[in-house]
Amino acid sequence: MPELPEVETVMRGLESVLTGQRISEVRLARNNLRFPFPPDFAKRIEGRLVLRLKRRAKYILAFLEGGEVLILHLGMSGRFTIIDAKGRLTGLGEFYDESVTAGAGSGPHDHVVFTREDGLRIVYTDPRRFGLMDLVGETGLEAHKLLAAIGVEPLGNEFDANYLAEAFRSKKAPLKAALLDQTLIAGLGNIYVCEALHRAGLSPRRRAQSLVKKNSYDPRLEELVRHIRAVLLEAIAAGGSTLRDFVHPKGEKGSFQQVFAVYDREGEKCPKRRCGGTIRRIVQSGRSTFYCPRCQK
DNA sequence: CGGGACTCCTGCCAGC
DNA sequence: TGCTGGCAGGAGTCCC
């Protein structure tokens with residue numbers, strides 16, 4: 001489901017109900033998601049105060065009182081639903097949708113329920129179970145197997161054309177694949193790579209290293225960096241993209257899918273002014289790439 | 001070693 | 001209507 005903007009949106013939703021709050025109960029409906037839950041998972045969280053949350057790549061990190069960090073990843077289909085003590089979605093006044101909350105926490109794919117001291121529940125639902133949860137001591141966080149090799153944050157200061165040039169210098173892989181490589185850039189996924197490449201006018205098929213010269217780089221790398229940042233920031237502002245069923249923890253839907261230029265738009269006209277091309281779908285390393293062969297070179 | 005194929009799992013939808 | 005195959009926002013692991 002979620003790429004950086006969706007994970008950021010979910011993190012903010014969780015932040016608003018968890019920061020400074022104590023978790024009184026953790027209920028597991030099974031003993032694994034993608035991986036087994038760590039030993040004593042529930043016990044190590046119960047009774048703890050949540051100090052703060054942050055996003056790193058597509059991971060959500062919850063720092064707990066006592067020095068442990070709860071690591072969350074939504075995989076493809078993970079989502080959180082927040083339900084107040086009266087069984088209603090929070091934050092939506094009278095406009096909550098009862099069909100969303102009915103039976104929440106007991107559905108076939110509701111795998112984890114965190115309950116706050118005051119009864120508010122945070123339900124993790126994940127049909128495909130590609131998500132994961134783990135616990136690690138704060139001092140071991142950076143060395144955690146899943147986080148150790150993660151690259152720079154595309155919205156952070158380290159991400160610039162120079163960084164990309166060095167990352168791409170010896171990359172024979174297609175540009176699309178290189179941008180999806182989480183060890184280079186943290187948090188980009190299929191949608192936003194397709195969209196950023198279209199904005200930058202770069203073909204997903206060209207080798208990443210084709211943008212790097214011996215002592216310099218193609219100035220379009222600067223454009224690419226600019227567009228990656230812009231598309232992510234716009235998507236975050238829109239609350240992410242809602243395909244199928246992505247919703248915020250509070251039940252609202254993201255809207256960025258309405259402005260996709262290429263993603264899932266095979267056969268449509270390229271929206272770039274005076275381009276006149278037609279969006280194509282190709283498969284690269286087993287995944288769909290959408291692009292305009294006319295204006296992306 | 002880098003790069004790509006395969007894998008996990010369920011739901012959904014187009015096409016027959 | 002009902003089945004089937006393909007596809008889905010991720011990413012670790014294996015193999016060449």
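Chain A is the first sequence line, chain B the second, and so forth, proteins listed ahead of strands; every chain is numbered from 1.
Between A:Arg280 and A:Glu266, no side-chain nitrogen of the basic residue sits less than 4.0 Å from a carboxylate oxygen of the acidic one, so the salt-bridge criterion is not met. Classification of A:Arg52 and A:Glu15 as a salt-bridged pair fails, no side-chain N sitting under 4.0 Å from a carboxylate O. Salt bridge absent: A:Arg220 and A:Glu223 never bring a charged side-chain N and a carboxylate O closer than 4.0 Å. With salt bridges taken as basic N to acidic carboxylate O contacts below 4.0 Å, none links A:Arg116 and A:Glu25.
Rounded to an integer number of Å, the gap from OH of A:Tyr263 to P of C:dA8 is 6 Å. The interatomic distance linking A:His144 (NE2) with C:dG12 (C1') rounds to 13 Å, in whole Å. As rounded to whole Å, 12 Å separates atom P of B:dT7 from atom CZ of A:Phe130. Atom-to-atom, CD1 of A:Ile191 to C1' of C:dC7 comes out at 14 Å; the value is rounded to the nearest Å. As a whole-Å value, the separation of A:Asp181 CG from B:dG3 P is 8 Å. One interatomic measurement links the two molecules: CZ of A:Arg287 to C1' of C:dC7, which rounds to 12 Å at whole-angstrom precision. Rounded to a whole Å, the CZ atom of A:Arg129 is 8 Å from the C1' atom of B:dT10. Whole-Å rounding puts the A:Leu33 CG to C:dA11 P distance at 15 Å.
Residue A:Lys58 has a polar side-chain atom (N or O) positioned under 4.0 Å from OP1 or OP2 of C:dA11. Contact check, A:His109 against B:dG11: a side-chain N or O comes under 4.0 Å of OP1 or OP2. The phosphate of C:dA8 (OP1 or OP2) has no side-chain N or O of A:Arg128 nearer than 4.0 angstrom. OP1 or OP2 of C:dA11 has at least one side-chain nitrogen or oxygen of A:His73 nearer than 4.0 Å. When the side-chain nitrogen and oxygen atoms of A:Lys145 are compared with OP1 and OP2 of C:dG12, none of them lie within a distance under 4.0 Å.
In this structure, A:Arg34 reaches the bases: a heavy-atom distance under 4.0 Å links it to at least one base atom across the strands shown. Contact annotation for A:Leu180: no contact, since no heavy-atom pair falls under 4.0 Å across all strands. Heavy atoms of A:Arg281 sit under 4.0 angstrom from primed sugar atoms or phosphate atoms, though from no base atom. Among the protein residues, A:Tyr59 comes within range of the sugar-phosphate backbone only, with heavy atoms under 4.0 Å from sugar or phosphate atoms but none that close to a base. Across all strands shown, A:Pro174 has heavy atoms under 4.0 Å from sugar-phosphate atoms exclusively, and none from any base.
Of the candidates B:dG4, C:dG12, C:dG10, C:dG10 carries the atom nearest the A:Glu3 side chain, counting heavy atoms from C-beta on.
When the P atom is used for both B:dC9 and C:dC14, the distance is 16 Å, rounded to whole Å.
B:dC9 is unpaired under the Watson-Crick or G-U wobble criterion, no partner having all donor-acceptor distances under 3.5 Å.
Between the side chains of A:Arg30 and A:Asn32, a donor-acceptor pair is found at a separation under 3.5 Å.
Checked against a 6.0 Å centroid threshold, the rings of A:Tyr192 and A:Phe256 count as neighbours.
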